[in-house]
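A quick write-up on the structure given underneath.
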Number of protein chains: 2
Amino acid sequence: MKLSDAEWHLMNALWEDYPATARDIMKRLDSRIQWAYTTVKTMLTRLVGKNAMSEEKKGNTSFYTPLVSQKKAQRSALKSLVDKVLGGTVEPIMHYLVEEKKLTSEERHKLIRLLEDMDHTAEENKNEPD
Amino acid sequence: MKLSDAEWHLMNALWEDYPATARDIMKRLDSRIQWAYTTVKTMLTRLVGKNAMSEEKKGNTSFYTPLVSQKKAQRSALKSLVDKVLGGTVEPIMHYLVEEKKLTSEERHKLIRLLEDMDHTAEENKNEPD
DNA sequence: GACAATCTTCTACAATTGTAGTATTTTTTT
DNA sequence: AAAAAAATACTACAATTGTAGAAGATTGTC
């Protein structure tokens, strides 16, 4: 499942709450995005075609529901980034997190705790549902 | 600077060592990639057009040199992913690192050390060159 | 029930991306 | 120097992406 930039916006809006109509989704878009209603519809139709979401009509109106979880989509995007851009290494990510993202000391510590915590629980979590 | 998937392959190959000819770059591509020589040339021309690399001819042959550092390109890709896909939060990245990437305990500890280390040196590194 | 608002489906069109062929120019080998 | 090998420039073309208008169907309102 490969989403384009514009498609990510739609999916993010849909994941916020669903089932949702095109109008609902449109309203939730970041205010910097100013798409015509028909543009939104076109994108939604394409997303349905890709099986990223389903469409169910009630009367005249379509309701959309995601067919992929946000978590799965995020992971797959991350994975493809790591493979393609970073050549499989994760260290640039850490550098990015700390330098570019300008994590505060507190956030850094939170991440350290998270890592330590995962160190203990990673095994059990292998089968967690999405 | 926005690179397409195919362009990432070329750039990664060029960053390995440069200046390089189209033929050099082609040889370095992952063996799963089987592009015609002219395909490589087309992509390179486009990358030159985007100012991602420069082209200098010695006689009949072009030598390419990156105009953006790998580090900068990686960071900008990461930033755009975090903004667009993850809505600005970095926690999914950590989860990805630990669960999807299946980091070993040792790697986790290395990351923890890295984070701790950065915690101390982040300040000085703010002006580091790329 | 007529008019307005809303929704849908179709069609469109330019830019970007993936992929490569052809024709021409250079360079390298016999 | 003639032939072969290699490089270049130009052209092409389908798929995907971003963006939206037009026309028709449905629904809400006075």
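Below, read A as the first sequence line, B as the second, and so on, with proteins coming before strands; counting in each chain starts at 1.
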| OP1 or OP2 of dT8(C) sitting under 4.0 Å from any side-chain N/O of Y37(A)? |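 For dT8(C), OP1 or OP2 has a side-chain N or O of Y37(A) closer than 4.0 Å.
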
Measure the distance from [atom1] on [X] to [atom2] on [N] and round it to the nearest whole Å.
{"X": "E56(A)", "N": "dC7(C)", "atom1": "CD", "atom2": "C1'", "answer": "17 Å"}
{"X": "K41(B)", "N": "dA7(D)", "atom1": "NZ", "atom2": "C1'", "answer": "7 Å"}
{"X": "Y64(B)", "N": "dA7(D)", "atom1": "OH", "atom2": "P", "answer": "11 Å"}

| message | If you count every heavy atom of other residues, nucleotides or ligands that lies below 6.0 Å from Y18(A) atom OH, does the total exceed 12? | response | no

| query | If only atom types and distance count, is the side chain of K50(A) paired as donor or acceptor with the main-chain N or O of K2(A) below 3.5 Å? | reply | yes

| Donor-acceptor contact present, side-chain N12(A) to main-chain K84(B), <3.5 Å |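 Checking the backbone N and O of K84(B) against the side chain of N12(A), a donor-acceptor pair under 3.5 Å is found.
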
| remark: Whether each nucleotide of nucleotides 16-30 of chain D has a protein heavy atom under 4.0 Å at its base (B), only at its sugar-phosphate (S) or at neither (-) is summarised, 5' to 3', as -BBBBBB---SS---

| query | Any idea how W8(B) and W15(B) line up, ring-wise: parallel (<30°), tilted (30 to 60°), or perpendicular (>60°)? | reply |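 Plane angle between 30° and 60°, so tilted.
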
| remark: Value for CG (L14(B)) from CD (Q70(B)), rounded to nearest 0.5 Å, stands at 10.0 Å

| request: Verify side chain to side chain donor-acceptor pair (under 3.5 Å) between S80(B) and D83(B), making sure each step is shown before the conclusion. | output: CA-CA 5 Å; S80(B) 110; D83(B) 292 350; over 6 Å; no

